[in-house]
Undergrad: 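So that we are looking at the same thing, I have put the structure below in structure tokens.
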2 protein chains.
Amino acid sequence: MKRNTWQRTAVREALGARDDFVSAQQLHASMKAGGSPIGLATVYRALSDLAEEGDADALRAGDGESRYRACVSAGHHHHLICRSCGRTVEIQADDIEHWAAGVAAAHGFRDPQHVVDVFGTCAACAEVDGA
Amino acid sequence: MKRNTWQRTAVREALGARDDFVSAQQLHASMKAGGSPIGLATVYRALSDLAEEGDADALRAGDGESRYRACVSAGHHHHLICRSCGRTVEIQADDIEHWAAGVAAAHGFRDPQHVVDVFGTCAACAEVDGA
DNA sequence: ACCTTGTTGAGAACGATTCCCGAAATCAGG
DNA sequence: CCTGATTTCGGGAATCGTTCTCAACAAGGT
Ligand SMILES: [Zn+2]
Ligand SMILES: [Zn+2]
Ligand SMILES: [Zn+2]
Ligand SMILES: [Zn+2]
């Protein structure tokens, strides 16, 4: 049975307080900085639980580090992420879902899953760079 | 200037001899097994060069390991990958390209890139599981 | 052949994540 | 409110993929 500990709640809240993707280590550091005595391993466990339950989005960045973000919209969706500041927009596109399912089916693949992420430089960051 | 060493050629050929995604370590092991004295670091370097030049596809799996595959079709494309045996189908879908570009533009994001991969269990593997 | 300079490779270093395991906490049941 | 069974915690060690270091080496131009 799954128990409710203040640690899990704390991670959930700490993650919810941010609106961009953070790594487990970053989150742990900021929680510690805020006075919480929570352990790093626990943050890892809580985050992977949240991701499994669909309450958080997981994202594997190019540097081999997993980043997490509290889910804003319910249900399946994708992300448009600023590669510079991490600002994130949630995207829902049924076309993509159908396309992915269709591609899998067309080649006889079962239980299709898909990874769809769009990266770019957001307007704010583009301005800073250009300035 | 970029030099041509037998090591780079060997990696290119070893990768081309396979038709699924392999990790740097797997490729290194199989090259060693085949009698090559090539070093692990060199395989890593060669693979990341190949990926940069667009001669190989790179893919970050869920376990945090990078896998590579010789590019069959030229130009930009995506993959449909069997999560069990690694069998891979290259996919080209202009719809997706347009959609990704459109999503980025609609939110003011510049220099869009995207990650689009579809995973599933191929017919052969589904049969084995079911049997 | 000779020199310049990019490349190699063994092992050390690194960094993110997971494992270990004794201690502490949760919660159902009494 | 106790109690006991069982889960979770957490600090540090272990793991594991990848990158770095640096002395020896080799590709190519002249
Ligand atoms: Zn930005
Ligand atoms: Zn989707
Ligand atoms: Zn398969
Ligand atoms: Zn594409």
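Just so we're on the same page: letters track the sequence lines, and every chain starts at 1. In this text, all values refer to a predicted model and were calculated from it rather than measured experimentally.
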Undergrad: Using the closest heavy atom to pick a nucleotide of DNA chain D for each, name whichever of A:Pro37 or B:Gly64 lands nearer the 5' end.
TA: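 First, find each residue's nearest nucleotide; the 5'-ward one identifies A:Pro37.
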Undergrad: In Å, rounded to the nearest 0.5 Å, how long is the span from CH2 of A:Trp99 to CD1 of B:Ile91?
TA: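 Separation between the atoms: 6.5 Å.
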Undergrad: Quickly work out the A:Glu65 CD to D:dG17 C1' distance and round it to whole Å.
TA: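 Interatomic distance, CD of A:Glu65 to C1' of D:dG17: 14 Å.
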Undergrad: Between B:Leu40 and B:Met1, just flag the one whose closest nucleotide in DNA chain C comes earlier from the 5' side.
TA: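 Per heavy-atom nearest nucleotide, the more 5' residue is B:Met1.
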Undergrad: Are any of the side-chain heavy atoms of B:Cys71 and B:Asp57 separated by less than 4.5 Å?
TA: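 B:Cys71 reaches B:Asp57 side chain to side chain.
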Undergrad: Please confirm whether any donor atom in the side chain of B:Arg45 sits under 3.5 Å from an acceptor in the base of C:dG6, or the reverse.
TA: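 Answer is no: no donor-acceptor pair is held.
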Undergrad: Taking the side chain of A:Thr42 as its heavy atoms from C-beta onward, which of D:dG11, D:dC9, C:dA10 lies nearest to it?
TA: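 The listed nucleotide nearest to A:Thr42's side chain is D:dC9.
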Undergrad: Ignoring backbone atoms, establish whether B:Thr5 has a side-chain N or O less than 4.0 Å from OP1 or OP2 of C:dT8.
TA: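 Checking C:dT8 against B:Thr5, a side-chain N or O does come within under 4.0 Å of OP1 or OP2.
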Undergrad: Nearest of C:dA10, D:dA26, D:dA5 to any side-chain atom of B:Arg3?
TA: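 Selected nucleotide: D:dA26.
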Undergrad: Side-chain contact, heavy-atom cut-off 4.5 Å: B:Thr121 with B:Arg83?
TA: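 Heavy-atom side-chain distance check passes, below 4.5 Å.
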Undergrad: To the nearest angstrom, how far is B:Arg60 atom CZ from D:dC16 atom C1'?
TA: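 Spelled out: CZ on B:Arg60 to C1' on D:dC16 is 14 Å.
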Undergrad: Where the side chain of A:His77 meets the backbone of A:Gly75, is there a donor-acceptor pair that is under 3.5 Å apart?
TA: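 The answer is yes, because a donor-acceptor pair under 3.5 Å joins these two groups.
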Undergrad: So, does A:Asn4 get its side chain near the phosphate of D:dT8, meaning an N or O under 4.0 Å from OP1 or OP2?
TA: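 Negative; the distance criterion is not met.
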Undergrad: Rounded to whole Å, how long is the line connecting atom CG of B:Leu47 with atom C1' of D:dG17?
TA: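 It works out to 13 Å between those atoms.
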Undergrad: Bend angle of the helix from C:dA1-D:dT30 to C:dG30-D:dC1 from five-pair axes at both ends, rounded to 10°?
TA: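 If I round to tens, the end axes sit 40° apart.
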Undergrad: Could you check whether any side-chain heavy atom of A:Arg67 comes within less than 4.5 Å of a side-chain heavy atom of A:Arg69, counting everything from C-beta outward?
TA: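 SC-SC contact between A:Arg67 and A:Arg69 ruled out.
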Undergrad: State, yes or no, whether a side-chain contact exists between A:Val11 and A:Met31 at a heavy-atom distance under 4.5 Å.
TA: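 The answer is yes, as the side chains (C-beta and beyond) meet within the 4.5 Å cut-off.
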Undergrad: Name every residue in residues 7-30 of chain A that has at least one heavy atom under 4.0 Å from any atom of DNA chain D, in order of residue number, or write none if there are no such residues.
TA: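 Those residues are A:Gln7, A:Arg8.
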Undergrad: How many Å lie between CZ on B:Arg67 and C1' on D:dT18, as a whole number?
TA: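 Result: 14 Å.
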Undergrad: Could I get the full list of salt bridge (charged side-chain N to carboxylate O under 4.0 Å, His left out) partners for B:Glu53, not counting sequence neighbours?
TA: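 B:Lys2, B:Arg12.
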Undergrad: Does a side-chain N or O of B:Tyr44 approach OP1 or OP2 of D:dT19 to a distance below 4.0 Å, or not?
TA: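 No, outside the criterion.
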Undergrad: When you check the gap from the basic side-chain N to the acidic O, do B:Glu13 and B:Arg18 get nearer than 4.0 Å?
TA: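 Salt bridge flag = no for B:Arg18 with B:Glu13.
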Undergrad: Are B:Leu15 and B:Leu27 side-chain neighbours, meaning at least one heavy-atom pair lies under 4.5 Å?
TA: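 Yes, at least one pair of side-chain atoms sits under 4.5 Å.
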Undergrad: Specify the residue among B:Lys2 and A:Gly39 whose closest nucleotide of DNA chain D lies further upstream toward the 5′ end.
TA: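 Mapping each residue to its closest nucleotide by heavy atoms, the 5'-most match is A:Gly39.
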Undergrad: Could you state the CD1-C1' distance from B:Ile38 to C:dA10, rounded to the nearest angstrom?
TA: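 Whole-Å distance recorded here is 14 Å.
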